[in-house]
Protein chains: 2
Amino acid sequence: MVQKNKKPPTAAKLGAPVAPKRRGRPRAYEPDVALGKALDLFRRDGFAATSLDDLSAATGMNRPSLYGAFGDKRELYIKSYQRYRDDARAAMVDIFRADAPLRERLERIYRIALDIYLSGESGPRGCFTVMTAASEAVSDPDIRTMVLAGLTELDKAFGICFRDARERGELPEGADPAALAHLASATIHTIAIRARARVPRNELEAIVKGAIDVMCKAK
Amino acid sequence: MVQKNKKPPTAAKLGAPVAPKRRGRPRAYEPDVALGKALDLFRRDGFAATSLDDLSAATGMNRPSLYGAFGDKRELYIKSYQRYRDDARAAMVDIFRADAPLRERLERIYRIALDIYLSGESGPRGCFTVMTAASEAVSDPDIRTMVLAGLTELDKAFGICFRDARERGELPEGADPAALAHLASATIHTIAIRARARVPRNELEAIVKGAIDVMCKAK
DNA sequence: ATTTTTTTGTACCATTTCGCATTTAATTCC
DNA sequence: GGAATTAAATGCGAAATGGTACAAAAAAAT
């Protein structure tokens, strides 16, 4: 594989997204939006059911361009999954870090999660990790590693929330932050699955509310 | 489609599995075990990644026989899923009906679930519903119906457990059986996903234990 | 023994799939 | 303007895929 992204050393001054004056024919696509389209497809249909033709059509890139830009199908899948995780993390990290009461933090996290899982014109899209990556995880060690990282990252983020809350007295002394974090993650997982089965948003919200009530009163 | 299973009226006396003296060439396979093999494949690889050749090899039936016995690939997938649900239900129904303390019932249910999810020689197999059926559910209404039925069935079974427990005083009056049932289902879902990522059994058991602790003390 | 019925086994077909080789187009550097 | 560089576009090819037609085989019925 040839080194591609050697950015011209002159342009390294300001982080401005100024045109780097590349040398050959300009690309007819924007890698970021193309990757987004690929992500949508993989998320809806999974790895095996998404063909390169589908990806080509959705991104507007023909197959060789796809190949040149992202590598083979598996690499594209992995990059898509990476992108998904980055987006999801970006959407949640502020809330996890926010200095707000436990209940409010949970409510906001789940609202974001529902937004992610329920969006999509051709039906709710669910969660990439739960829907397709976990399936590939049995046979593909790299994907498995990413899935595991995602799962523990979520557990940890929730764990910090509950630990904070206990320290502030929002939870009883005997509360077990790790166990509650696992339950919070489990609630994420269950709504991802149910969303995929087209359970309507209000029902999912009811499930979330019930879960929050239990978790916030936990002794 | 031609009516196939008209059993000879004479043999209808005893439910004995006596040879029904069918007319033509005898089958070289047993439909039940063949369906079991197909189920294993679909569960491991999903719908799209499982080819008819794979199914043919695993069942020992050649493709035309497969087709004749179970219909096309989608029908075989649905029959496999049906079989999975029947097996899972059979494995749990006694425990759900048992007249035992809440904690014990939960422990037994989760032990069975872990057995189901973690078995399999080529890695843990996870849950058919969570791993592959939920993915197909967006685009296939029949599968979606089955998935929804499975989800609500589990919710209801857990719901009865918690209602019983509250009536017996094992739970505080204020406990919300429906919310707890959703959490119990969520715990099933989260261990199914984690199992697929090869989280070892003892970690899954720890997660289950923490969840049970919270659910059994819920106020 | 012959016919009938049911299943197996072989072979085939049209399509799709992934990947790549080659040519053509657009742009910068000299 | 011409060489160099980068990407797009076309299209090929080998393999795999879902499905089926058709003949051979094995059993019961006559």
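Predicted model, so just to flag it, every value in this text is computed and none were measured. Chain identifiers are assigned alphabetically (A, B, ...) following the order of the sequence lines, protein sequences preceding nucleic acid strands; residue numbering begins at 1 within each chain.
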Rounded to the nearest Å, what distance is computed from the CD atom of residue A:Glu30 to the P atom of nucleotide D:dA7?
-> 14 Å
Does C:dT8 have OP1 or OP2 sitting under 4.0 Å from an N or O in the side chain of B:Asn62?
-> no
Write down the distance between CZ (B:Arg27) and P (C:dG9), rounded to a whole number of angstrom.
-> 14 Å
Does a side-chain N or O from B:Ser65 land closer than 4.0 Å to OP1 or OP2 of C:dT7, or not?
-> no
Member of B:Arg89, B:Arg85, B:Arg83 meeting the side-chain hydrogen bond (donor to acceptor under 3.5 Å, both in side chains) criterion with B:Asp87 | B:Arg83
Distances for protein N or O near nucleotides 16-23 of chain C N or O, under 3.5 Å:
| from | atom 1 | to | atom 2 | distance (Å) |
| --- | --- | --- | --- | --- |
| C:dC18 | OP1 | A:Lys73 | NZ | 2.7 |
| C:dC18 | OP2 | A:Leu52 | N | 2.6 |
| C:dC18 | N4 | A:Arg63 | NH2 | 3.4 |
| C:dG19 | N7 | A:Arg63 | NE | 3.3 |
| C:dG19 | O6 | A:Arg63 | NH2 | 2.5 |
| C:dC20 | OP2 | A:Tyr67 | OH | 2.3 |

How long is the line joining CG of B:Leu66 and C1' of C:dG9, in whole Å?
-> 13 Å
Within this structure, what is the OH-to-C1' distance between B:Tyr29 and C:dG9, rounded to whole angstrom?
-> 14 Å
Would you please indicate yes or no on a ring centroid separation below 6.0 angstrom for A:Tyr77 and A:Phe128?
-> yes
Flag the pair B:Phe42 / B:Tyr81 as yes when their ring centroid distance falls below 6.0 Å, and as no otherwise.
-> no
Chi angles and distances behind the side-chain contact (heavy atoms from CB on, under 4.5 Å) call for A:Arg196, A:Met131 = CA-CA 8 Å; A:Arg196 193 77 179 193; A:Met131 285 306 127; 3.6 Å; yes
Of the options A:Asp140, A:Asp142, A:Leu148, which is the one that meets A:Arg144 in a side-chain contact (heavy atoms from CB on, under 4.5 Å)?
-> A:Leu148
Heavy-atom contacts, protein to nucleotides 23-30 of chain D, under 4.0 Å, summarised as B (base), S (sugar-phosphate only) or - (none) per nt, yield --BBBBS-
So with a 6.0 Å cut-off around NZ of B:Lys79, is the heavy-atom count from everything else above 12?
-> yes
For residues 106-115 of chain A, the side-chain hydrogen bond (donor to acceptor under 3.5 Å, both in side chains) pairs (sequence neighbours left out) are A:Asp115-A:Arg201
Minimal heavy-atom distance between B:Val199 and B:Leu118, with the atoms involved, is O-CD2, 4.5 Å
